[in-house]
Amino acid sequence: MPTTRSMTTPDTPLEGVLPVDKPVGPTSHDIVGIARRALRTRRIGHTGTLDPFASGLLMLCIGSATRIAGYLTGMDKRYTAVVRLGVSTDTDDLTGTVIGGAGMGAEAAALTPAEVEAALARQRGRIEQVPPAYSAKQRDGERAYVAAREGRAVALPPVTVHVHELAITRFGPPEVELDVLCSSGTYIRAIARDLGAALGTGGHLTALRRTAIGARSVENALPLDAIGDEAAVRSALLTPLEAIGDRLPRLDVTEIDAAEIRHGRALPAAAALDGTWALAAGGRLLAIAESADGRIRPVRVFP
């Protein structure tokens, strides 16, 4: 387990966004708990859940950076996924109970790359995707997985998602490895399920690794067993301005304007600036601001 020594002093509080390489096994909440103990702070959250069987990039927001977490959750994500064709499960992954595809092993093993590619083509671009029954989606005021675990029927409406890239990286039926770049909210389990359905064999997800969030790659993430190493943590830590720069355009303001923003006051702005901006002053994140109608107004100010 990671060591747990203090990494903060009254003058140098640890804050920012820490990319961590989550291993298979713990939940995302478990990783937050480990980080809280190792970094000696309760103020930590993450920006996108990974299932226990999945590994890869998890972004931890620490200290005041927890206030930008909501802006980071919507970034595109890239995954390496392994789909097992010929078997369907109730969870659409390897943790579930087999519900279909029994006896389809020979058919799945005989599939050609062209057949799988044709089925994948239906899932590229802007698509309507039905979330898995075992998901955290709300259904009649409760999480869908609660009803599913109790054996009740779950009928979730489709959600619009964008699958930017979906490519075969290894073909060895009945297993197929995929590289997926998709919008936030896309279920890779659903891609595996729908691929199996399109091929008539059934299918489920057997492995998943998140390799990137926005411009950030898992290659630059901190291994979990290094989270007690102060030098390693501070080296991997992104400042709030660096992290939000992957999501919002940056606008540097003068110190005079910064003083107005710190007091919550709006400033004149060119019409071309309409939209949401990360305001910076002195190389630090000053505020998240909305610009419209010739005014730029802070909606979240940082100390």
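Worth saying up front: this structure is predicted, and the values here are computed from it rather than measured.
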Open item on the list: Measuring only between side-chain heavy atoms, which start at C-beta, is His162 closer than 4.5 Å to His164?
Closed with: yes
TODO: Flag the pair Arg143 / Lys137 as yes when at least one side-chain heavy-atom distance between them is below 4.5 Å, and no otherwise.
DONE: no
Open item on the list: Less than 4.5 Å apart, side chain to side chain, heavy atoms only: is that true for Ser135 and Leu156?
Closed with: yes
Open item on the list: Please check: side-chain N/O of Arg247 versus main-chain N/O of Tyr71, any donor-acceptor pairing under 3.5 Å?
Closed with: yes
Task: Cluster overlap Ile31 with Leu222, hydrophobic side-chain contacts below 4.5 Å - done: yes
- [ ] Please report the shortest heavy-atom distance between Pro240 and Ile68, naming the atom on each side.
- [x] O-CD1, 3.8 Å
Open item on the list: How close do Ile168 and Pro113 get, counting heavy atoms only, and between which atoms?
Closed with: CD1-O, 4.3 Å
Task: Check: Asn220 main-chain N/O paired with Ser217 side-chain donor or acceptor under 3.5 Å - done: no
TODO: Find out whether Glu15 and Arg43 are in side-chain contact, i.e. whether some heavy atom of one side chain is under 4.5 Å from a heavy atom of the other.
DONE: no
Task: Distance, nearest 0.5 Å, that separates CZ of Phe171 from CG of Leu111 - done: 6.0 Å
- [ ] Looking only at non-hydrogen atoms, find the nearest pair between Pro131 and Pro157 and report the distance.
- [x] CD-O, 3.4 Å
TODO: Taking Ser55 for its side chain and Pro23 for its backbone only, find out whether a donor-acceptor pair lies under 3.5 Å.
DONE: no
- [ ] Return the minimal non-hydrogen interatomic distance between Ala65 and Gly16, and the atom names on each side.
- [x] CB-O, 3.3 Å
Task: Derivation and outcome, side-chain hydrogen bond (donor to acceptor under 3.5 Å, both in side chains), residues Thr201 and Glu107 - done: CA-CA 7 Å; Thr201 63; Glu107 288 82 353; over 6 Å; no
- [ ] Could you tell me whether Glu128 atom CD has more than 12 heavy atoms of other residues or ligands within 6.0 Å of it?
- [x] yes
Task: pair Thr47-Met75: side-chain heavy atoms closer than 4.5 Å - done: no
- [ ] Have a look at Leu279 and tell me which of Leu285, Ile261, Val301, Ile288 forms a side-chain contact (heavy atoms from CB on, under 4.5 Å) with it.
- [x] Ile261
Task: Worked check of side-chain contact (heavy atoms from CB on, under 4.5 Å) between Leu286 and Phe302 - done: CA-CA 5 Å; Leu286 170 67; Phe302 297 86; over 6 Å; no
- [ ] Would you give the length of the straight line joining atom OG1 of Thr89 to atom NE2 of His204, rounded to the nearest 0.5 angstrom?
- [x] 5.5 Å
Task: Main-chain N/O of Thr239 paired with Glu242 side-chain donor or acceptor, under 3.5 Å - done: yes
Open item on the list: Check for me, please, whether Ile188 and Val159 land in the same ILVMFWY cluster - side-chain distances under 4.5 Å, paths through other members count.
Closed with: yes
Open item on the list: Tell me if a side-chain donor or acceptor on Arg67 pairs with a main-chain N or O of Arg300 at a distance below 3.5 Å.
Closed with: no
- [ ] Could you go through the side-chain contact (heavy atoms from CB on, under 4.5 Å) check for Leu85 and Val176 one step at a time?
- [x] CA-CA 8 Å; Leu85 298 168; Val176 179; 4.0 Å; yes
Task: Separation between CD of Glu230 and CG of Leu39, rounded to the nearest 0.5 Å - done: 10.0 Å
- [ ] With Val20 as reference, evaluate Val32, Leu60, Val218 under the side-chain contact (heavy atoms from CB on, under 4.5 Å) test and give the passing residue.
- [x] Leu60
Task: Val87 vs Met104, side-chain contact (heavy atoms from CB on, under 4.5 Å): CA-CA, chis, key distance, verdict - done: CA-CA 7 Å; Val87 177; Met104 296 298 297; over 6 Å; no
- [ ] Using modelled atom types only, decide if a donor and an acceptor are shared between the side chain of Gln129 and the backbone of Tyr187 within a distance under 3.5 Å.
- [x] yes
- [ ] Give, for atom CD1 of Ile44 and atom CG of Leu18, the distance between the pair rounded to the nearest 0.5 Å.
- [x] 8.5 Å
Task: Residue pair Asp194 / Gln123, side-chain heavy-atom distance below 4.5 Å - done: yes
TODO: To the nearest 0.5 angstrom, please state how far the CZ atom of Arg78 sits from the CZ atom of Arg209.
DONE: 14.0 Å
Open item on the list: Using salt bridge (charged side-chain N to carboxylate O under 4.0 Å, His left out), reason through Asp92 and Arg193 one step at a time and then give a plain yes or no.
Closed with: CA-CA 6 Å; Asp92 302 323; Arg193 175 201 67 203; 3.7 Å; yes
Task: 4.5 Å side-chain heavy-atom contact, Ile127 and Val161 - done: yes
Open item on the list: Surrounding CZ of Arg284 (heavy atoms of other residues, nucleotides or ligands, distance under 6.0 Å), is the total greater than 12?
Closed with: no
Open item on the list: With a 3.5 Å distance limit and no angle check, can you tell me whether Lys22 reaches the backbone of Ala54 through a side-chain donor-acceptor pair?
Closed with: yes
Open item on the list: Would the distance check show the side chain of Asp293 and the main-chain N or O of Arg295 forming a donor-acceptor pair, the cut-off being under 3.5 Å?
Closed with: no
Open item on the list: For the backbone of Leu50 and the side chain of Ser28, can you confirm whether one donor and one acceptor N or O come within less than 3.5 Å of each other?
Closed with: yes
Task: Joint cluster assignment, Leu241 & Met59, ILVMFWY side-chain distance < 4.5 Å - done: yes
Open item on the list: Under 4.5 Å between side-chain heavy atoms, counting indirect links through other Ile/Leu/Val/Met/Phe/Trp/Tyr residues: same cluster for Leu208 and Leu120 or not?
Closed with: yes
Open item on the list: Test your reading of the model: is there a side-chain donor-acceptor pair from Arg297 to the backbone of Ala266, 3.5 Å cut-off?
Closed with: no
- [ ] Please name the residue in the list Leu181, Asp76, Val180, Leu178 that meets the side-chain contact (heavy atoms from CB on, under 4.5 Å) test with Glu165.
- [x] Leu181
TODO: Kindly compute the distance separating CG (Leu273) from CG (Leu267), expressed to the nearest 0.5 Å.
DONE: 11.0 Å
Open item on the list: Hydrophobic clusters here meaning ILVMFWY residues chained together by side-chain heavy-atom distances under 4.5 Å, can you tell me if Leu57 and Val233 are in one?
Closed with: no
TODO: Taking the side chain as every heavy atom from C-beta outward, state whether Phe53 and Leu205 have any atom pair closer than 4.5 Å.
DONE: yes
TODO: Please report the C-alpha distance between Ile296 and Leu251 in whole Å, then the side-chain angles of each, then the deciding distance to 0.1 Å, and finally whether the side-chain contact (heavy atoms from CB on, under 4.5 Å) criterion is met.
DONE: CA-CA 11 Å; Ile296 189 162; Leu251 180 64; 3.9 Å; yes
